Structures are given as structure tokens and as C-alpha cells.
Peer 1: 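If you scroll down you'll find the structure; I have some questions about it.
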Amino acid sequence: MEENGLGPQGFPELKNDTFLRAAWGEETDYTPVWCMRQAGRYLPEFRETRAAQDFFSTCRSPEACCELTLQPLRRFPLDAAIIFSDILVVPQALGMEVTMVPGKGPSFPEPLREEQDLERLRDPAVVASELGYVFQAITLTRQRLAGRVPLIGFAGAPWTLMTYMVEGGGSSTMAQAKRWLYQRPQASHQLLRILTDALVPYLVGQVAAGAQALQLFESHAGHLGPQLFNKFALPYIRDVAKRVKARLREAGLAPVPMIIFAKDGHFALEELSQAGYEVVGLDWTVAPKKARECVGKTVTLQGNLDPCALYASEEEIGQLVKQMLDDFGPQRYIANLGHGLYPDMDPEHVGAFVDAVHKHSRLLRQN
């Protein structure tokens with residue numbers, strides 16, 4: 001199959017593997033770059049594609065997900081694509097109702113309030129079969145990418161998913177979810193185990209469908225201090241990586257690099273770097289040099305320009321990128337923002353960010 005430009009699974013051969021090489025800790029000719037929420041509302045074409053449909057209907061349409069995933073790559077020479085989906089498809093597949101309220105975000109009309117509410121959840125073993133639409137979107141997108149860049153799959157980490165399921169939506173304090181941790185530690189662990197058991201086959205299914213890397217989003221790490229994090233988040237983050245890797249081996253699938261992004265989890269960087277992930281993503285509150293000292297040479301770092309830096313002039317974006325690249329150093333590094341792109345950002349400035357990373361990282365290596 002190889003001679004017709006198709007790889008082992010019948011997918012087009014990968015032409016630009018810079019992102020994957022950096023993720024595995026191999027040398028690269030320049031620093032690869034992608035952006036969290038690169039498929040998003042800052043693109044007028046995204047707003048046009050999405051306008052007609054309810055958010056979760058879009059997630060359930062492989063054609064729409066594929067189109068939205070490819071849009072940023074038509075504009076910018078990004079080094080990776082990330083499948084358009086949402087972390088809350090997992091609680092949905094567990095039988096919880098989730099709606100996307102315009103201007104407010106996700107809402108669970110019937111959140112988990114009591115321990116016995118856990119009995120409402122479906123068996124986590126069926127979750128992957130409920131999420132076939134994500135796998136179809138990944139396979140379609142991998143075909144249509146035609147080997148330009150690798151495709152990243154993703155999921156929310158157990159604690160972050162738990163916060164939505166208990167709070168019923170976003171929250172500035174996570175007081176309800178944290179109340180569970182303090183008042184119902186056993187039930188909390190039971191819920192986190194259910195989520196872990198759902199996530200493992202879901203992530204393995206994404207790889208089987210064509211994902212070439214996986215990112216786990218622990219978006220609400222910052223609501224936990226070190227003790228709660230070490231008790232209720234870290235063990236499950238570790239477990240996901242360990243079990244996904246074991247399942248891939250059992251299924252005869254090639255290993256893929258895994259990224260852990262724990263927003264505001266600067267207090268756990270050392271632990272995260274030993275949690276079984278090849279890449280540790282950083283938000284913009286972490287100093288690159290300190291992060292590098294903390295995690296050592298064993299993992300690749302990803303991040304971490306303040307997304308709001310894209311409001312600066314294109315010239316200033318170039319200077320900020322140069323500083324960031326100097327601080328992280330040329331190898332074992334993937335450039336990104338420290339969080340997702342905001343809807344009111346100028347696409348031209350996103351382009352300036354991507355170009356600056358490519359340009360300055362090549363210059364860095366010459367000197």
C-alpha cells in the first residue's frame with residue numbers, strides 16, 4: 001500500500017511530521033505551532049458554517065466537524081489540526097442532557113446532586129459506541145487532510161468533566177463540585193472512575209479512527225489546590241495515559257504522543273511531567289524557564305503565549321514570540337497559546353503569530 005502515497009491504515013502519507021517529532025522529543029528543523037480553539041468563532045467562515053445548526057448537532061455531523069477542522073489550515077501554515085468536537089460529548093454519552101446556551105455556554109438541566117444520581121449514568125463501557133460520530137469525523141478529516149499535518153484527538157479529563165456534571169455548567173468557584181470532594185469523597189472517586197472508564201476506550205477509538213496524537217484537557221485544575229489535585233485529579237490523569245497506552249498495544253495500534261494540559265496547574269508541573277504524557281501543556285501564567293527547570297529534559301513542553309497578546313500589533317506579536325522561543329529553547333518544544341483563541345481575535349494576528357514562530361525558530365537554530 002505504501003507506494004501509492006497511502007500509509008499503513010490506508011490514510012494519505014504524512015508530509016509534515018514536525019509536530020509529532022517534537023512531541024516525541026526528537027530534533028526538529030523549526031518549532032511546530034498550533035493553537036487551541038484554532039477552529040473557532042474568530043473565523044468568519046466558522047460562524048457561517050455553524051450559524052445554521054445547534055452546537056451539539058454540529059458536533060454530531062462528521063461533515064461539519066471536518067469542514068470546521070480544516071478551515072484554519074486553509075488560512076495558516078499550522079503544523080497540526082485538532083478535531084472539532086467538545087469535551088462534553090462524554091457526559092452526554094453517559095446519558096446526561098447538555099444544551100449549549102448562546103452567550104452563556106453549556107448547561108446541564110439535571111446536574112448530579114446526590115450520590116444516588118450516579119445510578120442514572122449509563123455503563124461507561126457503552127460510551128465509545130455512543131460516540132461513533134466523533135470517530136467518523138476523525139476518519140473523514142484524516143482523509144481530507146491528505147497528509148498535510150497530523151490530526152490531534154482530545155477529551156476532557158475526569159475532574160474537569162465532573163465539575164460540569166455537578167455544577168450544571170460553568171462556575172467561577174466550582175463550590176458544588178468541590179463540596180462533593182469534601183463531603184462525598186467515595187462518591188467523587190466513583191464518578192471519577194466512571195469517567196476514566198469511559199475516556200479510555202473513547203481515546204483509543206479516536207486513535208483507531210485516525211487521530212495521530214491525543215490531548216487531555218484538565219481545564220479546571222486551577223480550582224484545586226495541590227492536595228485535592230493529588231487526590232482527585234492526578235491519579236485519574238495518570239490512569240488515562242497508562243490504560244490508553246496499554247490498550248493501543250493490545251489492539252496492535254502504533255503508539256501516539258499524549259499531551260496533558262492542566263490549566264492553572266502550575267503547582268503540579270513536576271507531577272504532571274511524570275504522569276505518563278510525552279507533552280505537558282502550559283498556560284500563560286507559567287514562566288517557560290522555570291517550567292523547563294521543573295520538568296527536566298524528559299518531556300516536551302507546549303505553550304504558552306497569553307492569548308490576549310494577539311490583541312497587540314503584529315510587530316509586537318513578533319517580539320513576544322521571539323522572547324518566548326528564546327525562553328523555551330529550540331528543542332522539545334511545541335509553540336501554542338496558553339489557552340484557546342477568543343472569538344474577537346483578528347485572524348491576521350493569528351497568522352502573524354504562526355509566521356513569527358516559524359521564522360524566529362529557524363533563525364534561533366542558525367545562531
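Since the model is a prediction, treat every value here as computed from it, not as a measurement.
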Peer 1: About how many Å separate CG of L181 and CD of Q176, when rounded to the nearest 0.5 Å?
Peer 2: 11.5 Å
Peer 1: Would you name the heavy atoms of I152 and W34 that are closest together and state the gap between them?
Peer 2: CD1-CE2, 3.6 Å
Peer 1: Is a side-chain N or O of R362 found less than 3.5 angstrom from the main chain of D29, in a donor-acceptor match?
Peer 2: no
Peer 1: Working to the nearest 0.5 angstrom, can you tell me the gap between S219 OG and M36 CE?
Peer 2: 9.0 Å
Peer 1: Check for a donor-acceptor pair, side chain of Q215 on one end and backbone N or O of F261 on the other, with a separation under 3.5 Å.
Peer 2: no
Peer 1: Quick one, V299 with Y277, criterion side chain to side chain contact (heavy atoms under 4.5 Å, CB included). Give me CA distance, side-chain angles, the key distance, then yes/no.
Peer 2: CA-CA 8 Å; V299 297; Y277 293 76; over 6 Å; no
Peer 1: For the SG atom of C59 and the CG atom of D86, what is their distance to the nearest 0.5 Å?
Peer 2: 5.5 Å
Peer 1: Using 30° and 60° as the class boundaries, would you call the ring planes of F232 and H189 parallel, tilted or perpendicular?
Peer 2: parallel
Peer 1: Under 4.5 Å between any side-chain heavy atoms of R193 and Y236, yes or no?
Peer 2: yes
Peer 1: How many angstroms lie between CZ in F11 and OG1 in T139, if you round to the nearest 0.5 Å?
Peer 2: 4.5 Å
Peer 1: Please determine whether residues L253 and L214 belong to a single hydrophobic cluster, defined as Ile, Leu, Val, Met, Phe, Trp and Tyr linked transitively by side-chain heavy-atom distances below 4.5 Å.
Peer 2: yes
Peer 1: Any side-chain donor-acceptor pair under 3.5 Å between T58 and R50?
Peer 2: yes
Peer 1: Ignoring hydrogens and angles, state whether a donor on the side chain of T18 or Y30 is under 3.5 Å from an acceptor on the partner side chain.
Peer 2: yes
Peer 1: Would you say L14 and L140 are hydrophobically clustered, going by side-chain heavy atoms of ILVMFWY under 4.5 Å?
Peer 2: no
Peer 1: So, taking the atom named CD1 in I82 and the one named CG in L151, what distance separates them when rounded to the nearest 0.5 Å?
Peer 2: 8.5 Å
Peer 1: Would you call R243 and D197 a salt bridge, using N to O less than 4.0 angstrom?
Peer 2: yes
Peer 1: Does any N or O in the side chain of Q38 come within less than 3.5 Å of the main-chain N or O of C35, such that one atom is a donor and the other an acceptor?
Peer 2: yes
Peer 1: Dump the intermediate steps for side chain to side chain contact (heavy atoms under 4.5 Å, CB included) on V207 and V204, then the final yes or no.
Peer 2: CA-CA 5 Å; V207 176; V204 171; 5.7 Å; no
Peer 1: Under 3.5 Å, side chain of R47 to main-chain N/O of R41, donor-acceptor pair present?
Peer 2: yes
Peer 1: Ring centroids only, cut at 6.0 angstrom: are F353 and F76 within range, meaning strictly under it?
Peer 2: no
Peer 1: Closest approach of L78 and V354, non-hydrogen atoms and distance?
Peer 2: CD2-CG2, 3.6 Å
Peer 1: Could you check whether any side-chain N or O of T173 sits under 3.5 Å from a backbone N or O of A175, counting only pairs where one atom can act as donor and the other as acceptor?
Peer 2: yes
Peer 1: Taking a hydrophobic cluster as the set of Ile, Leu, Val, Met, Phe, Trp and Tyr residues connected by side-chain heavy atoms closer than 4.5 Å, whether directly or through intermediates, do F46 and Y42 fall within one such cluster?
Peer 2: yes
Peer 1: Quick check for you: to the nearest 0.5 Å, what is the distance between L145 atom CG and T69 atom OG1?
Peer 2: 8.0 Å
Peer 1: In terms of hydrophobic clustering (I, L, V, M, F, W, Y; side-chain heavy atoms under 4.5 Å; direct or indirect links), are Y182 and M162 co-clustered?
Peer 2: yes
Peer 1: Backbone N or O of L310 within a donor-acceptor pair of the H349 side chain at under 3.5 Å?
Peer 2: yes
Peer 1: Donor-acceptor pair, distance only, cut-off 3.5 Å: does the side chain of K15 make one with the backbone of A146?
Peer 2: yes
Peer 1: Answer yes or no: is there a donor N or O on one side and an acceptor on the other, between the side chain of E167 and the main chain of A177, under 3.5 Å?
Peer 2: yes
Peer 1: V166 and L88: same hydrophobic cluster, using ILVMFWY side-chain contacts below 4.5 Å?
Peer 2: yes
Peer 1: So that I can tick it off, tell me whether K263 and D283 are bridged by a salt bridge, with the cut-off set at under 4.0 angstrom between side-chain N and carboxylate O.
Peer 2: no
Peer 1: Let me see the working for T285 and D306 under side chain to side chain contact (heavy atoms under 4.5 Å, CB included), right down to the final yes or no.
Peer 2: CA-CA 8 Å; T285 65; D306 180 357; over 6 Å; no
Peer 1: In plain terms, say whether E278 and R332 are close enough for a salt bridge, that is, a side-chain N and a carboxylate O under 4.0 Å apart.
Peer 2: no
Peer 1: Hey, is R75 close enough to E45 for a salt bridge, meaning N to O under 4.0 Å?
Peer 2: yes
Peer 1: Regarding Q71 and T49, do their side chains bring together a donor and an acceptor under 3.5 Å, going by distance alone?
Peer 2: yes
Peer 1: Between the side chains of D344 and Y311, is a donor N or O closer than 3.5 angstrom to an acceptor N or O?
Peer 2: yes
Peer 1: Does the side chain of V98 reach to within under 4.5 Å of the side chain of F56, using non-hydrogen atoms?
Peer 2: yes
Peer 1: Would you please test F229 and F267 for ring-ring contact (aromatic ring centres under 6.0 Å, His included) and show each step?
Peer 2: CA-CA 9 Å; F229 186 85; F267 53 82; 5.6 Å; yes
Peer 1: Is atom NZ of K242 surrounded by more than 12 heavy atoms (other residues, nucleotides or ligands) closer than 6.0 Å?
Peer 2: no
Peer 1: Kindly give the heavy-atom pair with the smallest separation between V357 and L325, and that separation in Å.
Peer 2: O-CD1, 3.8 Å
Peer 1: Evaluate the side-chain hydrogen bond (donor to acceptor under 3.5 Å, both in side chains) criterion for residues N336 and N304: first the C-alpha distance (whole Å), next the side-chain angles of each, then the deciding distance (0.1 Å), finally the verdict.
Peer 2: CA-CA 6 Å; N336 205 316; N304 75 337; over 6 Å; no
Peer 1: When you compare the side chain of I334 with that of F328, does any pair of heavy atoms fall below 4.5 Å?
Peer 2: no
Peer 1: Just by modelled atom types, is the T31 backbone N or O under 3.5 Å from a matching donor or acceptor in the T28 side chain?
Peer 2: no
Peer 1: Take a 6.0 Å sphere around NZ of K359 and say whether it holds more than 12 heavy atoms from other residues, nucleotides or ligands.
Peer 2: no
Peer 1: Using only atom types and a distance under 3.5 Å, with no angle test, would you say the side chain of S107 pairs donor to acceptor with the backbone of T99?
Peer 2: no
Peer 1: Do NZ/NE/NH1/NH2 and the carboxylate oxygens of E27 and R365 come within less than 4.0 Å?
Peer 2: no
Peer 1: How far apart are the closest heavy atoms of F135 and A209, and which atoms are they?
Peer 2: O-CB, 3.5 Å
Peer 1: Which residue, D264, T160, T163, forms the side chain to side chain donor-acceptor pair (under 3.5 Å) with H220?
Peer 2: T163
Peer 1: Which atom names give the shortest non-hydrogen contact between S85 and Y202, and what distance separates them?
Peer 2: OG-OH, 4.2 Å
Peer 1: Let me see the working for D327 and M324 under side chain to side chain contact (heavy atoms under 4.5 Å, CB included), right down to the final yes or no.
Peer 2: CA-CA 5 Å; D327 289 348; M324 176 174 82; 5.8 Å; no
Peer 1: Looking only at heavy atoms, what is the nearest atom pair of P32 and Y333, with distance?
Peer 2: CD-O, 3.6 Å
Peer 1: Let me know which of V280, V279, V240 forms a side chain to side chain contact (heavy atoms under 4.5 Å, CB included) with I260.
Peer 2: V280
Peer 1: Name the atoms and distances for all side-chain donor-acceptor pairs under 3.5 Å in residues 114-128, with sequence neighbours left out.
Peer 2:
from : atom 1 : to   : atom 2 : distance (Å)
E114 : OE1    : R184 : NH2    : 3.4
D117 : OD2    : R113 : N      : 2.6
D117 : OD2    : E114 : N      : 2.9
R120 : NH2    : E110 : O      : 2.7
R122 : NH1    : A93  : O      : 2.7
D123 : OD1    : A125 : N      : 2.8

